[in-house]
Amino acid sequence: MRGKKRPQKRKNKRAETGNKTVSSIVKQGDWIILYHSDKHRYVVKVEEGKMFHTTYGSINLSSLIGLKYGDEVETNVGEKLTISRANFVDRLETIHKHTQVIYPKDAAYILIATGIGPGSRVVEAGTGTGYMTAILAWYVKPSGRVYTYEIRKDFYEKALKNLENLGVLQHVEAKNKDIRNGIDEEEVDAVILDMPDPWTVTEHAKNALTHGGTIAVFIPTMPQLEKTVVSLRKTGFKQIEPTEIQLRKYKPIPEELRPETLGVVHTGYVVLARKL
Ligand SMILES: C[S@@+](CC[C@H](N)C(=O)[O-])C[C@H]1O[C@@H](n2cnc3c(N)ncnc32)[C@H](O)[C@@H]1O
């Protein structure tokens with residue numbers, strides 16, 4: 001065999017991520033980012049035959065299929081956009097919001113503080129846009145479940161569509177019900193409330209929770225905060241923790257490194273309590 005060239009192995013164009021193999025080639029149905037600049041990026045699902053319009057011109061999405069992640073594409077007016085993979089949080093940006101939603105800073109705190117993870121069973125109200133529902137579903141999958149209650153039929157139907165588009169509907173049981181009439185589930189790990197009068201549900205929440213389970217209430221105003229704390233105490237919840245999560249963004253310019261002049265100053269309060 002000396003002197004003979006070994007047949008070269010084909011270059012592996014696929015990368016291993018956990019037990020999944022992810023293609024480096026853009027395929028039909030992939031969620032991608034089209035990046036122009038830090039201020040302008042677009043998240044879109046690659047669908048054959050569809051045109052996508054940006055401030056920098058349009059792109060025929062069919063023309064992206066078969067290109068590599070990291071490649072540049074040109075719009076019809078010659079502007080360059082780089083193709084990258086979109087993650088779940090990028091995809092959340094694309095849903096139509098018909099209600100106020102729980103901000104990522106508050107959602108992240110609720111997730112960690114309640115100990116929600118794969119396999120958790122979580123009750124939530126109201127569903128609203130389904131933004132928090134989708135985050136919960138993403139973290140409890142594959143074996144966990146989110147039971148979400150929404151009083152308004154139109155919001156319930158729109159949220160179902162959002163959850164389907166995000167690919168998490170199979171981990172959710174959505175109900176067009178008033179949660180004040182009771183919670184059907186038992187022995188759940190957490191109850192998350194984002195509704196105007198959460199103090200009307202604390203008794204139901206306590207009955208539905210497993211021992212050691214956590215309730216997390218998101219409310220935007222001080223009077224609501226006070227009523228919630230009073231009601232949690234009365235219901236017998238322990239370790240009641242009213243909190244406010246503050247997030248301050250900074251200018252990413254080395255010679256001007258300082259907080260941004262404008263930003264979101266207030267979202268709401270998060271009250272945690274345990275059934276112990
Ligand atoms: C601020 S939105 C929730 C947004 C949601 N957390 C999200 O991130 O998309 C409040 C929702 O609670 C619903 N709601 C109000 N009272 C309710 C009740 N008693 N039972 C179920 N849903 C209720 C409203 O219709 C509304 O859709």
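By convention here, the first residue in the shown sequence is residue 1. Numbering of ligands and ligand atoms starts at 1, following listing order. Note that this is a predicted model, so its numbers are computed, not measured.
In terms of the salt bridge (charged side-chain N to carboxylate O under 4.0 Å, His left out) criterion, E241 has no residue partners (sequence neighbours excluded).
Within 6.0 Å of atom CD1 in I112, 12 or fewer heavy atoms from other residues, nucleotides or ligands are found, so the atom counts as exposed in its surroundings.
In summary, the side chains of T114 and T214 do not present any donor paired with an acceptor at a separation below 3.5 Å, with no hydrogens or angles considered.
For R152 and F155, the positive end sits near the middle of the six-membered ring, less than 6.0 Å away and at most 45° from its axis. For the pair R41 and Y35, the cation does not sit on the ring face, since its NZ or CZ is not both under 6.0 Å from the ring centre and inside 45° of the axis.
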I'd like a table of the close N/O pairs between ligand 1 and the protein (anything under 3.5 Å), one pair per line with both atom names and the distance.
from	atom 1	to	atom 2	distance (Å)
ligand 1	6 (N)	D194	OD2	2.8
ligand 1	8 (O)	I102	N	3.2
ligand 1	8 (O)	M132	N	3.2
ligand 1	9 (O)	T127	O	3.4
ligand 1	9 (O)	T129	N	3.2
ligand 1	9 (O)	G130	N	3.2
ligand 1	9 (O)	Y131	N	3.2
ligand 1	19 (N)	D178	OD1	2.8
ligand 1	19 (N)	R180	NE	3.4
ligand 1	20 (N)	I179	N	3.1
ligand 1	22 (N)	I151	N	3.2
ligand 1	25 (O)	E150	OE2	2.6
ligand 1	27 (O)	E150	OE1	2.7
ligand 1	27 (O)	E150	OE2	3.3

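Ring pair Y42/H40 is parallel by interplanar angle, where below 30° counts as parallel and above 60° as perpendicular.
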